[in-house]
Amino acid sequence: MHHYLTLNGLDGPMLRQFGCDCARCTGRERLANTSASLISLDDQGQTAHHILFDVGLGVVDSLVQNPHLAGTKARLDWIVLTHWHPDHTLELNRVAVSYRLRRRPDFRIPTWCRSGSADWLHREHGYDMEYLLQPHKSGEYHRPGTLLPPLPIDLPGVTITPVTVSHLRADISPNDRHQTRYSCAVFIIETARSKTVLLWDIDSENEWLVQPTTAAEKAAVQRLSGADHLFIDTGFWQYHRPRMSHPGFYNVRRIARTLQPQETLLVHLSGHPDGPGQPAWGWSNAQWSTQAAQVWQAENLPGRVRVPAIGERFDLIS
Ligand SMILES: [Zn+2]
Ligand SMILES: [Zn+2]
């Protein structure tokens, strides 16, 4: 069996902004909310398994363009959600309804998310959760920096381990906005000889990623370290205070220094939070790659850095 990861989208949360004429908003390349597919091929090269991580806007368009999922090759074994925010869940209904038409009328897609996110999704996507998805909740609300048990996915040779993170404005109870309920997870995808980390969405705190103190945090950082590919949400270029919903490039550099990946891949770019006239405002992905690589070299940061492309393929060595 051969496994590869591909990106269904890399932008968000705002994609093109209504009423904006920056280079990103006037560009012609297709944008989609951040998402990835883990696709497994059998020895004949046929699609044998597919796990979809996050289902924001534009993701189904990526799936139908993937050569291993197009037309009747489509299959979807699991949906895995980092959290409940709309830019990660907007196309749940679209993917579930269309895929059901290919399967039997009562087919429900197994779906993993943390309990806090499930509470929100029952409210925001009640119909989908009730009739189209088969939710598997983690049953916990652990604080950030905790390794959770591997996902209950039967895919020989692949282990997917969730790690809890904090993400401002997602870590709240749907019934009481003043009550903290940790709802977000990132994922370590491991084969015998490869490690890929999907580290989104995290807020600009998560200091445990840089300076772990408890035994649980140290264990989590150790497992996240030394990845072949580290995908990380990068909301803005400049250093912002106070706490922001996403890490800026400043945080990304600190995290990369600790986790020492071979390659750091910037996702969840928007180009807008830095503000008009400021560095990074409206930057294209190519501009982001150039600017980030310059800093990487100047600061002697580990490995390479760049913005990946939608549809790009990352082979996982088994
Ligand atoms: Zn997001
Ligand atoms: Zn989010």
Side-chain angles (χ1 to χ4, degrees), residues 8-9 12-15 18 32-38 50-64 69 74-142 144 148-149 151-153 160 162 164-187 198 200-203 233 245-246 268:
N8 301 316
M14 291 190 284
L15 303 181
F18 188 42
N33 285 139
T34 302
S35 161
S37 283
L38 177 61
H50 173 211
I51 304 170
L52 176 59
F53 293 89
D54 287 351
V55 204
L57 205 63
V59 168
V60 175
D61 287 339
S62 288
L63 301 184
V64 301
L69 301 173
R75 66 175 292 156
L76 182 49
D77 296 273
W78 275 85
I79 291 173
V80 175
L81 300 172
T82 57
H83 66 302
W84 58 272
H85 272 165
D87 57 315
H88 300 259
T89 54
L90 270 172
E91 287 199 349
L92 273 177
N93 181 266
R94 187 178 172 204
V95 76
V97 167
S98 56
Y99 190 57
R100 171 177 280 202
L101 294 175
R102 165 150 174 73
R103 301 289 297 257
R104 48 179 206 274
D106 60 345
F107 180 74
R108 297 166 71 181
I109 303 170
T111 302
W112 187 94
C113 64
R114 293 186 70 190
S115 294
S117 277
D119 292 347
W120 271 99
L121 290 172
H122 275 294
R123 183 173 155 148
E124 307 281 313
H125 291 262
Y127 175 75
D128 305 328
M129 292 289 274
E130 205 73 33
Y131 297 105
L132 302 175
L133 308 175
Q134 184 68 59
H136 288 249
K137 303 168 201 174
S138 64
E140 54 69 48
Y141 301 101
H142 287 307
L148 297 181
L151 302 189
I153 292 175
I160 303 175
T164 63
V165 291
S166 69
H167 179 36
L168 189 66
R169 289 199 272 278
D171 296 327
I172 42 178
S173 160
N175 305 315
D176 178 0
R177 307 294 164 89
H178 301 291
Q179 190 190 336
T180 298
R181 178 161 290 175
Y182 291 114
S183 305
C184 303
V186 300
F187 301 97
L198 309 183
W200 74 69
D201 285 355
I202 62 174
D203 62 35
D233 58 321
S245 286
H246 295 277
H268 213 294

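Bear in mind the structure is a predicted one, so any value in this text is a computation, not a measurement.
Of the possible donor and acceptor atoms, one in the side chain of Glu91 sits under 3.5 Å from a partner among the backbone N and O of Val60. Checked by atom type and distance alone, the side chain of Tyr182 never pairs as donor or acceptor with a backbone atom of Ser166 at under 3.5 Å. Side chain of Trp120 to backbone of Ile172: a donor-acceptor contact under 3.5 angstrom is found. Without hydrogens or angle criteria, Thr111 side chain to Pro135 main chain gives no donor-acceptor distance under 3.5 Å.
At a threshold of 4.5 Å between non-hydrogen side-chain atoms, the residues Arg100 and Leu132 count as touching. In this structure, the side chains of Glu140 and Thr164 come closer than 4.5 Å at one or more pairs of heavy atoms. No side-chain heavy atom of Leu198 sits less than 4.5 Å from a side-chain heavy atom of Val186.
Between Cys184 and Arg114, the shortest heavy-atom distance links the atoms O-NH1, 2.7 Å. Ser98 and Val95 make their closest contact through OG-O, 3.3 Å (heavy atoms, listed as atom of the first residue, atom of the second, distance). For the residue pair Asn8 and Ser37, the shortest heavy atom distance occurs at ND2-OG, 3.1 Å.
Between Asp61 and Arg94 there is a salt bridge, since at least one side-chain N of the basic residue sits less than 4.0 Å from a carboxylate O of the acidic one.
Considering Ser117, Cys113, Ser115 in turn, Ser115 is the only one that fulfils the side chain to side chain contact (heavy atoms under 4.5 Å, CB included) rule with Ser138. When Asp201, Asn33, Thr34 are each tested for a side-chain hydrogen bond (donor to acceptor under 3.5 Å, both in side chains) with His268, only one passes: Asp201.
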side-chain contact (heavy atoms from CB on, under 4.5 Å) between Thr89 and Val55, intermediate numbers included: CA-CA 5 Å; Thr89 54; Val55 204; over 6 Å; no

Verdict with supporting geometry, Arg75 and Asp77, salt bridge (Lys or Arg N to Asp or Glu O under 4.0 Å): CA-CA 7 Å; Arg75 66 175 292 156; Asp77 296 273; 2.6 Å; yes

Worked check of side-chain contact (heavy atoms from CB on, under 4.5 Å) between Lys137 and His122: CA-CA 12 Å; Lys137 303 168 201 174; His122 275 294; 3.4 Å; yes

Candidate pair Val80 and Leu52, rule side-chain contact (heavy atoms from CB on, under 4.5 Å), full reasoning: CA-CA 6 Å; Val80 175; Leu52 176 59; over 6 Å; no

Stepwise ring-ring contact (aromatic ring centres under 6.0 Å, His included) test for His136 and Trp78: CA-CA 10 Å; His136 288 249; Trp78 275 85; 5.0 Å; yes

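Atom-to-atom distance recorded for Ile153:CD1 and Leu38:CG is 8.5 Å, nearest 0.5 angstrom. We find the CG-OG distance between Asp119 and Ser183 to be 7.5 Å, quoted to the nearest 0.5 Å. The line from CD1 of Ile160 to CG of Leu151 is 5.5 Å long, rounded to the nearest 0.5 Å. Once rounded to the nearest 0.5 Å, the distance linking NE2 of His85 with CG of Asp87 reads 7.5 Å. His50 contributes atom NE2, which lies 9.0 Å from atom CD1 of Ile79 (distance to the nearest 0.5 angstrom). Here CZ of Phe107 is found 10.0 Å from CG of Leu133. Values are rounded to the nearest 0.5 Å.
Remark: the Thr180 side chain and the Asp171 side chain contain no N/O donor-acceptor pair separated by less than 3.5 Å. Using modelled atom types and a 3.5 Å distance limit, the side chains of His246 and Asp203 yield no donor-acceptor pair. Between the side chains of Asp54 and Ser35, no donor-acceptor pair of N or O atoms lies under 3.5 Å.
For the pair Arg181 and Tyr141, the cation-pi test (distance below 6.0 Å, angle within 45°) is passed.
The environment of Tyr131 atom OH is sparse: at most 12 non-hydrogen atoms of other residues, nucleotides or ligands sit within 6.0 angstrom.
Ring geometry for His88 against His83 counts as tilted: the plane angle lies between 30° and 60°, on a 0 to 90° scale.
Under the 6.0 Å cut-off for aromatic ring centres, Phe53 and Trp200 do not qualify, their centroids lying 6.0 Å or more apart.
Among residues two or more places apart in sequence or in another chain, the side-chain contact (heavy atoms from CB on, under 4.5 Å) test is passed with Ser245 by His167, Leu168, Arg169.
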